[in-house]
Amino acid sequence: MRDPMSVLTDAFTSFLFGKVETTRLPVRTSTGQAQAVYLPTAAPGLGDSGVIIGREVYSGKGYIYDPFQLYGQQLPAPHWLVLGESGNGKSALEKTYVLRQLRFRDRQVVVLDAQGEDGVGEWNLIAQALGITPIRLDPMAALDHGIRLNPLDPSITTTGQLALLRTIIEVAMGHGLDERSGFALKVAHAYVNETIVERQPVLTDIVEQLRHPEPESAEAMNVAIDDVRAWGLDVALVLDRLVDGDLRGMFDGPTTVGIDLDAPLIVFDLSHIDRNSIAMPILMAIVGVWLEHTWIRPDRIKRIFLVEEAWHIINSPFVAQLFQRLLKFGRRLGLSFVAVVHHLSDVVDGAAAKEAAAILKMASTRTIYAQKADEARATGRVLGLPRWAVEIIPSLTPGIAVWDVNGNVQVVKHLVTETERPLVFTDRAMTESSADRAMSDDDALLAAELEQERRAAAFMEQHLADLDGSSESTVA
């Protein structure tokens with residue numbers, strides 16, 4: 001209880017100067033009501049021009065991302081790394097991203113599809129929906145008039161052909177070519193290109209020339225013909241695997257007629273290839289160089305090169321160097337490289353750690369789905385993520401990921417429209433509704449959340465429909 005003198009003093013002060021202090025009654029409220037009064041502060045977005053991904057979890061704002069719109073302003077490079085364990089939404093993100101990019105007329109996408117289900121690649125449904133026939137590389141089908149890609153295709157420059165042959169051999173051997181083997185390969189390649197003009201040269205011609213080199217090849221370097229033959233023997237044995245071994249039929253003939261490199265979507269179906277065999281990096285090398293010399297052109301088309309199971313590339317030093325060059329070369333011609341990897345440790349602890357570090361450095365956008373705590377900490381150290389982001393990665397639910405766009409770190413929930421849903425979800429357990437059910441036991445709250453998601457997806461679908469046929473990015 002206050003003393004009489006204090007009460008008298010306060011009354012006199014109020015009479016002279018007016019009441020100087022307002023007494024507020026306590027208010028009991030819920031956090032749901034209080035958040036309307038005390039608005040949280042959210043990190044700024046990436047702008048309103050580009051492809052809509054979903055919504056930022058903490059602010060509820062729409063999240064829009066497009067490397068071609070951001071390049072040069074907020075992004076030093078348009079390349080993108082997607083990380084996360086299976087079943088958390090990587091596949092759905094990739095597919096919806098490609099579908100939404102293809103709504104712009106100046107976009108073109110190549111996908112290396114290494115996943116398979118029901119005897120076809122994971123991208124088969126999307127290819128069918130767009131009227132695209134996947135390029136299915138299958139050793140068994142290749143023997144029966146299947147798809148062939150010729151490393152000596154005339155559309156590839158002579159320098160590119162020789163670089164591709166060297167890469168194939170180095171990948172298969174696990175080490176670089178020495179000078180003598182390289183010389184034998186070079187003279188065999190030069191002789192084949194000079195003498196075979198009535199048809200496309202093929203790998204069989206190179207193997208035959210390595211086994212039986214021309215005397216002129218030895219005379220040019222003042223060495224014995226038997227020495228040149230010995231130098232090229234190991235090279236011939238490696239290339240023979242593509243001609244008469246477990247990869248025969250895919251690369252030992254003229255390129256299949258009808259492969260449409262002007263289609264908006266090109267899918268290389270690698271699902272019939274053993275992902276753990278040496279065949280996969282060899283395929284990646286051939287496809288990479290073949291695309292470099294036949295697909296990437298200075299025509300102002302914005303191109304996206306999406307590679308699943310990307311550790312098969314980065315784990316091979318020679319293929320990693322090839323793709324590293326492709327990334328540097330592609331920035332000048334509008335190429336965005338998207339690498340999808342389960343665990344960062346798959347590449348940073350592999351045989352090509354140096355090359356992997358260089359490729360990761362060029363990826364200015366990193367999207368990380370749920371990982372185990374120890375893997376999340378390792379990922380955070382390598383990518384330089386803030387502590388709060390590292391701490392929440394193990395608790396992320398399917399469809400939600402940490403996005404780091406050149407230091408702008410946000411938590412984003414990916415939204416899928418009803419039109420896209422049947423094309424992108426290959427695992428029923430990875431749907432938005434099942435993720436929401438796991439987050440709450442309150443049926444009323446769940447219904448409200450699902451209705452909100454439905455409205456957001458419907459809005460996004462209308463937004464995408466408005467974009468259809470447009471060549472300019474618009475405000476979402």
Side-chain angles (χ1 to χ4, degrees), residues 139 142-143 148-255 277-290 292-293 316-322 324-325 351-352 354-355:
L143 298 176
R148 281 187 174 89
L149 297 178
N150 184 13
L152 302 178
D153 192 309
S155 61
I156 302 176
T157 64
T158 302
T159 303
Q161 291 176 12
L162 185 58
L164 177 52
L165 290 173
R166 288 186 66 101
T167 300
I168 293 170
I169 295 162
E170 289 172 340
V171 168
M173 297 176 69
H175 58 78
L177 280 181
D178 58 37
E179 293 297 330
R180 296 180 178 185
S181 297
F183 171 76
L185 176 64
K186 185 177 76 170
V187 296
H189 175 252
Y191 181 83
V192 166
N193 272 349
E194 290 171 3
T195 57
I196 299 177
V197 293
E198 71 280 0
R199 59 174 174 81
Q200 281 191 18
V202 294
L203 286 180
T204 306
D205 301 319
I206 299 290
V207 173
E208 184 64 22
Q209 185 59 28
L210 286 168
R211 287 172 173 166
H212 306 287
E214 296 298 316
E216 293 84 358
S217 302
E219 293 171 2
M221 292 299 290
N222 194 27
V223 294
I225 190 68
D226 289 340
D227 289 337
V228 177
R229 185 181 296 108
W231 296 346
L233 181 58
D234 287 343
V235 175
L237 291 174
V238 171
L239 292 180
D240 185 65
R241 181 175 185 180
L242 302 182
V243 173
D244 198 28
D246 53 346
L247 296 180
R248 67 191 178 111
M250 293 188 291
F251 309 108
D252 58 343
T255 299
S277 74
I278 192 64
M280 185 61 77
I282 290 176
L283 281 169
M284 295 296 189
I286 292 175
V287 171
V289 173
W290 194 75
E292 178 183 354
H293 291 272
S316 169
F318 306 105
V319 182
Q321 290 169 11
L322 187 156
Q324 186 179 346
R325 187 181 75 247
K354 179 180 178 182
E355 292 79 3

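Computed over heavy atoms, backbone and side chain alike; hydrogens, waters and symmetry mates excluded.
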| note | Sorted by chain and residue number, the salt bridge (Lys or Arg N to Asp or Glu O under 4.0 Å) partners of R166 (sequence neighbours excluded) come out as E170
| request: Please collect all salt bridge (charged side-chain N to carboxylate O under 4.0 Å, His left out) contacts where either partner lies in residues 202-213, sequence neighbours excluded, each pair once. | output: R199-D205, R211-D240
| said: Using the salt bridge (Lys or Arg N to Asp or Glu O under 4.0 Å) criterion, which residues pair with D234? Sequence neighbours excluded. | reply: none
Which donor-acceptor pairs under 3.5 Å do side chains of residues 186-195 form with protein atoms, sequence neighbours excluded?
unit_1	atom_1	unit_2	atom_2	d
H189	NE2	Q161	OE1	2.9
H189	NE2	N193	ND2	3.1
N193	ND2	Q161	OE1	3.3
T195	OG1	Y191	O	2.8

| field | L152 side chain near L164 side chain, heavy-atom distance below 4.5 Å | value | no
Give every donor-acceptor pair under 3.5 Å between a side-chain atom in residues 176-183 and any protein atom, sequence neighbours left out.
unit_1	atom_1	unit_2	atom_2	d
D178	OD1	R180	N	3.2
D178	OD1	S181	N	2.7
D178	OD1	S181	OG	3.0
S181	OG	W231	O	3.2

| Residue list, salt bridge (Lys or Arg N to Asp or Glu O under 4.0 Å) with D226, at least two apart or on another chain | R229
| field | D153: partners by side-chain hydrogen bond (donor to acceptor under 3.5 Å, both in side chains), with sequence neighbours left out | value | S155, T255
| field | side-chain hydrogen bond (donor to acceptor under 3.5 Å, both in side chains) against Q200, all qualifying residues, sequence neighbours excluded | value | N150
| remark: To the nearest 0.5 Å, atom CD1 of I169 lies from atom CG of L185 at 4.5 Å
| task | Please tell me if the side chains of I225 and P213 come closer than 4.5 Å, counting only heavy atoms from C-beta onward. | result | yes
